[in-house]
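Inspection log for the structure reproduced underneath, given as structure tokens.
In this chain, residues are counted from 1 in sequence order.
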Amino acid sequence: MAKDTITVDQVVNDFILAIDNDDYANNVSDFIIRNYALRGIRETGFDILRRVKSVKVSVDQALGTVALPEDFVDMIRIGILGSDGLIYVFGENKNMNMLETEPKAAVPDYLNGFESYVFRNWVSEISDGGVYGIGGGHLPGEYRMNYEFNRIELASNSGVSELILEYIADEARSENPTIHIYAEEALRAYIYYKIIEKKANVPFAEKSRARQQYYNELRLANARLKTFTKDEALKTIRKNFKQSPKY
């Protein structure tokens with residue numbers, strides 16, 4: 001585990017040890033505290049601590065699909081790993097097949113590589129012309145997200161067996177969830193706020209204070225995680241003000 005992170009178990013244990021007998025968070029089970037901690041990791045992960053994973057995935061050659069990982073939240077990119085170490089990204093095509101078990105081989109040969117007859121305004125022997133503004137671009141392949149069947153569907157002419165998938169992961173579903181130490185206090189504040197949020201014996205002023213403290217800690221963690229240094233500023237300026245070649 002990296003030294004800049006702390007496990008959820010350690011945060012929960014420290015939180016339990018800090019509870020006094022007259023604390024509003026007293027008499028709460030360890031299970032509930034851990035549940036709120038996992039929810040807090042998920043919340044901060046979506047807001048300021050996005051966990052990005054890069055994995056190599058296998059393609060189902062029969063259907064031309066890729067199964068989504070268990071902790072998948074949102075797509076960043078998918079593509080082929082080139083010999084130069086770069087990822088050649090596929091483009092998303094929302095007009096692709098969404099049937100559950102229809103294999104890619106069922107697509108007629110004369111349609112492979114074309115958008116649709118609707119989007120072609122002329123065909124002459126082996127040449128075809130597309131409607132202006134439809135399609136185009138040079139992509140190594142195309143895909144479509146199918147969340148109903150938890151998979152990525154590839155174009156029928158992709159012809160690859162393995163792809164590189166980069167996605168936003170749900171840290172709360174990992175085997176040993178962790179959080180950056182900059183956001184540790186924000187997670188503690190979140191746990192306390194959620195514990196007392198629906199308690200009838202807790203004054204409204206205390207609930208408001210706990211909520212405000214959580215958002216203050218979240219903003220502080222965000223500021224620490226996204227600091228903009230002088231070197232970064234100079235690099236950005238030099239990049240944006242490069243002189244163009246004169247002809």
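- In terms of hydrophobic clustering, with Ile, Leu, Val, Met, Phe, Trp and Tyr side chains grouped at heavy-atom distances under 4.5 Å, Met145 and Val55 are assigned to a common cluster.
- Exactly one of Ile195, Ile33, Val28 qualifies for a side-chain contact (heavy atoms from CB on, under 4.5 Å) with Ile19. That residue is Ile33.
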Evaluate the criterion side-chain hydrogen bond (donor to acceptor under 3.5 Å, both in side chains) for residue pair Asn201 and Tyr24; output intermediate values, then yes/no. CA-CA 9 Å; Asn201 63 332; Tyr24 288 119; over 6 Å; no
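- The two atoms that bring Ala37 and Leu187 nearest to each other are O-CD1, 3.5 Å, heavy atoms only.
- Going from atom CG of Leu38 over to atom OG of Ser174 covers 8.5 Å, rounded to the nearest 0.5 Å.
- Evaluation of the ring pair (Phe, Tyr, Trp, His ring centres under 6.0 Å) rule for Phe15 yields no partner, not counting sequence neighbours.
- Inter-residue side-chain proximity for Ile179 and Thr5 is flagged as unmet; no heavy-atom pair is nearer than 4.5 Å.
- For residues 163-179, every residue pair satisfying the salt bridge (charged side-chain N to carboxylate O under 4.0 Å, His left out) rule, not counting sequence neighbours, is listed here: Arg42-Asp170, Arg51-Glu171, Arg77-Glu166, Asp170-Arg173.
- Taking Ile, Leu, Val, Met, Phe, Trp and Tyr as hydrophobic and joining them when side-chain heavy atoms fall under 4.5 Å apart, one finds Phe204 isolated, its cluster having no other members.
- With side-chain heavy atoms closer than 4.5 Å counting as contact, directly or through intermediates, the hydrophobic cluster containing Val89 also holds Leu81, Ile87, Ile164.
- Within the 4.5 Å cutoff, the side chain of Phe90 has heavy atoms near those of the Ile80 side chain.
- Closest approach of Val160 and Leu163 over heavy atoms only: CG2-CD2, 3.5 Å.
- For residues 82-92, the pairs satisfying side chain to side chain donor-acceptor pair (under 3.5 Å) are Asp84-Tyr88, with sequence neighbours left out.
- Listed by first and then second residue, the salt bridge (charged side-chain N to carboxylate O under 4.0 Å, His left out) pairs that reach into residues 23-35 are Asp9-Arg34, sequence neighbours excluded.
- At distances below 3.5 Å, not a single donor-acceptor pair connects side-chain atoms of Lys199 with backbone N or O atoms of Ala25.
- Ala172 and Pro177 get closest at one heavy-atom pair: O-CG, 4.1 Å.
- Annotation: the span from Glu153 atom CD to Asn146 atom CG amounts to 4.0 Å, rounded to 0.5 Å.
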For Ile152 and Val57, what are the C-alpha separation, side-chain angles and deciding distance, and is it a side chain to side chain contact (heavy atoms under 4.5 Å, CB included)? CA-CA 11 Å; Ile152 303 170; Val57 293; over 6 Å; no
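- Under the 3.5 Å distance criterion, with hydrogens and angles disregarded, no donor-acceptor pair is assigned to the side chains of Tyr193 and Gln212.
- With sequence neighbours excluded, the residues forming a ring pair (Phe, Tyr, Trp, His ring centres under 6.0 Å) with Tyr182 are His180, listed by chain and number.
- Looking at heavy atoms from C-beta onward, Pro69 lies out of side-chain contact with Lys53 at the 4.5 angstrom threshold.
- Residues satisfying the side-chain hydrogen bond (donor to acceptor under 3.5 Å, both in side chains) test with Arg219, not counting sequence neighbours, are Asn216.
- The shortest side-chain heavy-atom distance between Tyr167 and Asp71 falls under the 4.5 Å cut-off.
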Apply side chain to side chain contact (heavy atoms under 4.5 Å, CB included) to Tyr36 and Lys194, showing your working. CA-CA 7 Å; Tyr36 282 135; Lys194 287 300 178 180; 3.6 Å; yes
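- Residues satisfying the salt bridge (charged side-chain N to carboxylate O under 4.0 Å, His left out) criterion with Asp74, sequence neighbours excluded, are absent altogether.
- Considering only residues two or more places apart in sequence or on other chains, Gln213 meets the side-chain hydrogen bond (donor to acceptor under 3.5 Å, both in side chains) condition with Arg209.
- Inter-residue side-chain proximity for Arg144 and Asn93 is flagged as unmet; no heavy-atom pair is nearer than 4.5 Å.
- With contacts defined as side-chain heavy-atom distances shorter than 4.5 Å, the pair Thr44/Leu218 qualifies.
- Ile78 and Tyr147 fall within the same hydrophobic cluster, defined by Ile, Leu, Val, Met, Phe, Trp and Tyr side-chain heavy atoms under 4.5 Å apart, directly or through other members.
- Every side-chain hydrogen bond (donor to acceptor under 3.5 Å, both in side chains) that Glu184 has, sequence neighbours left out, goes to Arg188.
- Scanning for side-chain hydrogen bond (donor to acceptor under 3.5 Å, both in side chains) contacts around Tyr143 gives an empty result, with sequence neighbours left out.
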Could you check Val52 against Ile76 for side chain to side chain contact (heavy atoms under 4.5 Å, CB included), going step by step and ending with a plain yes or no? CA-CA 8 Å; Val52 176; Ile76 295 180; 3.5 Å; yes
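- In plain terms, the two heavy atoms of Val66 and Ser58 that are nearest each other are CG2-O, 3.9 Å.
- The shortest distance between side-chain heavy atoms of Asp20 and Asn26 does not fall below 4.5 Å.
- Tracing side-chain contacts under 4.5 Å through hydrophobic residues (I, L, V, M, F, W, Y), one reaches Ile32 starting from Tyr214; they form part of the same cluster.
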Step by step, would you call Tyr190 with Tyr215 a side chain to side chain contact (heavy atoms under 4.5 Å, CB included)? CA-CA 9 Å; Tyr190 178 88; Tyr215 283 108; over 6 Å; no
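- You'll find the side chain of Tyr192 stays beyond 4.5 Å of the side chain of Glu197, heavy atoms only.
- A pairwise comparison of heavy atoms in Lys207 and Ile196 identifies CE-O, 3.2 Å as the closest pair.
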